[in-house]
Amino acid sequence: MTPLAALLQAEIAAKGPLPVAGVMAAALHHPRFGYYAGSEAAATGPLGRCGDFITAPEVSQVFGEVLGAWCVRVWQAMGAPRPVVLAELGPGRGTLLADLWRTIAAVAPDLADAARLHLVEVSGALREQQRSAIAALAAPPRAVWHESLAAVPPGPALVLANEFFDALPVEQYVRDAGVWWQRCVDSRDGVLAFSLGLAVDSRERPDLADLPDAPDGILVERCPEAERLAADLGARVATNGGAALIIDYGPARSTPGETLQALRHHRPADLLASLGQADLSHHVDFERLAQAVTSAGGRAWGPVPQGLFLGRLGVAERGAALGAAAPEQMDAISGAIRRLVHPGRMGLLFKALAVTPPMAPAAPPGFGR
Ligand code: SAH
């Protein structure tokens with residue numbers, strides 16, 4: 001049993017079964033035993049080639065570079081406001097940030113000058129890695145860290161989030177006997193197991209009133225924190241100007257079924273047996289995110305499959321330029337780009353969603369036909 005599982009056992013004994021979202025939040029963020037906060041992350045870092053999973057910016061520098069170029073074009077289309085907030089949600093090891101910043105500093109020094117860097121990160125261990133990544137830049141920008149987007153100062157902003165929404169706590173509901181039940185984690189004979197908690201009461205949770213009529217046995221996931229955040233982004237850019245770019249994995253339309261998964265050393269792990277020692281993530285519901293953006297007064301674009309999006313931003317051309325400068329690395333570079341864009345790899349399941357003010361004159365780069 002992991003130390004976190006022992007802790008949760010005691011909590012369940014005292015208070016009863018814990019909802020799945022609470023277990024996920026503890027598994028990722030418990031101050032001592034959580035995956036992102038705990039010693040594992042501090043020692044080796046959970047992300048990247050040696051970690052438990054590998055994200056797009058860790059696959060190739062071209063990912064951050066084309067997103068840097070995206071920021072430049074969007075900023076110019078906004079009328080080049082200065083200062084402008086440049087924010088990243090969950091920057092991980094700071095790799096995307098560093099690649100993006102290098103590009104911005106090279107192609108648009110006026111944006112590098114105008115940008116105020118704000119990073120939203122809860123993990124102390126990862127904040128340290130982000131600090132080092134920034135310190136290693138040629139002219140390190142000043143950065144300010146925050147616990148949440150709400151703390152990032154207002155004003156025109158460019159906000160990026162890669163594989164951030166998939167890590168926000170997901171709730172699960174199961175249909176049984178014609179009723180929706182909250183899925184929980186309980187302790188049975190000293191072992192953690194999934195169980196059904198209370199029936200959904202839509203007077204207490206009006207946001208669940210639209211759970212569909214479904215046959216028994218169907219499981220539905222909801223991520224209210226992701227929807228609130230999408231709404232905040234929509235409201236923020238509608239009020240202050242700017243744009244947000246959300247890249248993550250999941251279907252374009254809301255789909256029932258369980259997607260919450262644990263990954264350890266690049267392999268699926270038993271979620272309840274690896275609490276605090278494996279990464280947890282779930283499919284992002286882009287349809288609900290887009291609705292949240294729109295209801296908050298913003299405009300949602302996409303989602304566009306990552307392969308198409310990166311292709312439109314010129315990832316192949318950027319790869320060719322890198323390869324021409326370092327021919328011995330050509331194969332590695334094309335292999336990495338293939339991994340990012342091929343439909344069978346990250347090209348189709350991963351998607352990009354952009355958020356702009358409602359009256360945006362044109363589609364953001366990568367979102368137009
Ligand atoms: N964007 C990075 C890392 C993705 S992992 C990349 O693409 O490589 C998710 C990141 O979000 C980590 O940095 C994690 O610590 C952070 N994170 C997860 N939940 C968070 C929350 N609720 N608030 C702030 N940061 C969070």
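Start at 1 and go down the list; that is how both ligands and their atoms are numbered. Just so you know, these numbers come straight off a predicted model, no measurement behind them.
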Notebook entry, point to check: What about Glu163: any of its N or O atoms under 3.5 Å from an N or O on ligand 1?
Noted result: no
Next item on the list: Heavy-atom contacts with Pro57 under 4.0 Å: which atoms of ligand 1 show up? List them by number with element.
Entry: 6 (C), 7 (O), 8 (O)
Checklist line | Salt bridge Arg127-Glu147, side-chain N to carboxylate O under 4.0 Å | finding: yes
Notebook entry, point to check: For Ala135, which residues count as a side-chain contact (heavy atoms from CB on, under 4.5 Å) partner, sequence neighbours excluded?
Noted result: none
Margin query: Salt bridge check, Arg205 against Glu171: does any charged N sit closer than 4.0 Å to a carboxylate O?
Written below: yes
Check: Parallel under 30°, tilted from 30 to 60°, perpendicular over 60°: which one fits the rings of Phe350 and Tyr249?
Finding: parallel
Next item on the list: Taking only heavy atoms of Thr55 into account, list the atoms of ligand 1 that are under 4.0 Å away from them.
Entry: 6 (C), 7 (O), 8 (O)
Margin query: Using a 4.0 Å heavy-atom cut-off, which part of Arg93 comes near ligand 1: side chain, backbone, both, or neither?
Written below: neither
Notebook entry, point to check: When the ring centroid of Phe367 is compared with that of Phe309, is the distance short of 6.0 Å?
Noted result: yes
Check: With only distance considered, is Phe164 within less than 3.5 Å of ligand 1 through an N or O on each side?
Finding: no
Next item on the list: Heavy-atom contacts with His29 under 4.0 Å: which atoms of ligand 1 show up? List them by number with element.
Entry: 18 (C), 19 (N), 20 (C)
Note to self: Could you work out, for atom 24 (C) of ligand 1, the closest of Leu168, Leu149, Asn162, Val122 by heavy-atom distance?
What the structure shows: Val122
Next item on the list: May I ask you to decide whether Asp210 forms a salt bridge with Arg222, counting only side-chain N to carboxylate O separations under 4.0 Å?
Entry: yes
Check: Looking at ligand 1, does any of its N/O atoms fall within less than 3.5 Å of an N/O of Glu121?
Finding: yes
Next item on the list: Please say whether Gly92 places an N or O atom under 3.5 Å from an N or O atom belonging to ligand 1.
Entry: yes
Next item on the list: Please indicate whether any nitrogen or oxygen in Ser123 is less than 3.5 Å from any nitrogen or oxygen in ligand 1.
Entry: no
Next item on the list: May I ask you to list the atoms of ligand 1 that are less than 4.0 angstrom from any heavy atom of Leu126?
Entry: 12 (C), 13 (O), 15 (O)
Item checked: Lys/Arg N to Asp/Glu carboxylate O, Asp113 vs Arg82, below 4.0 Å -> yes
Next item on the list: Please determine if Tyr36 has a nitrogen or oxygen closer than 3.5 Å to a nitrogen or oxygen of ligand 1.
Entry: no
Notebook entry, point to check: Does any pair with a residue in residues 98-132 pass ring-ring contact (aromatic ring centres under 6.0 Å, His included), and if so which ones, sequence neighbours excluded?
Noted result: His118-His146
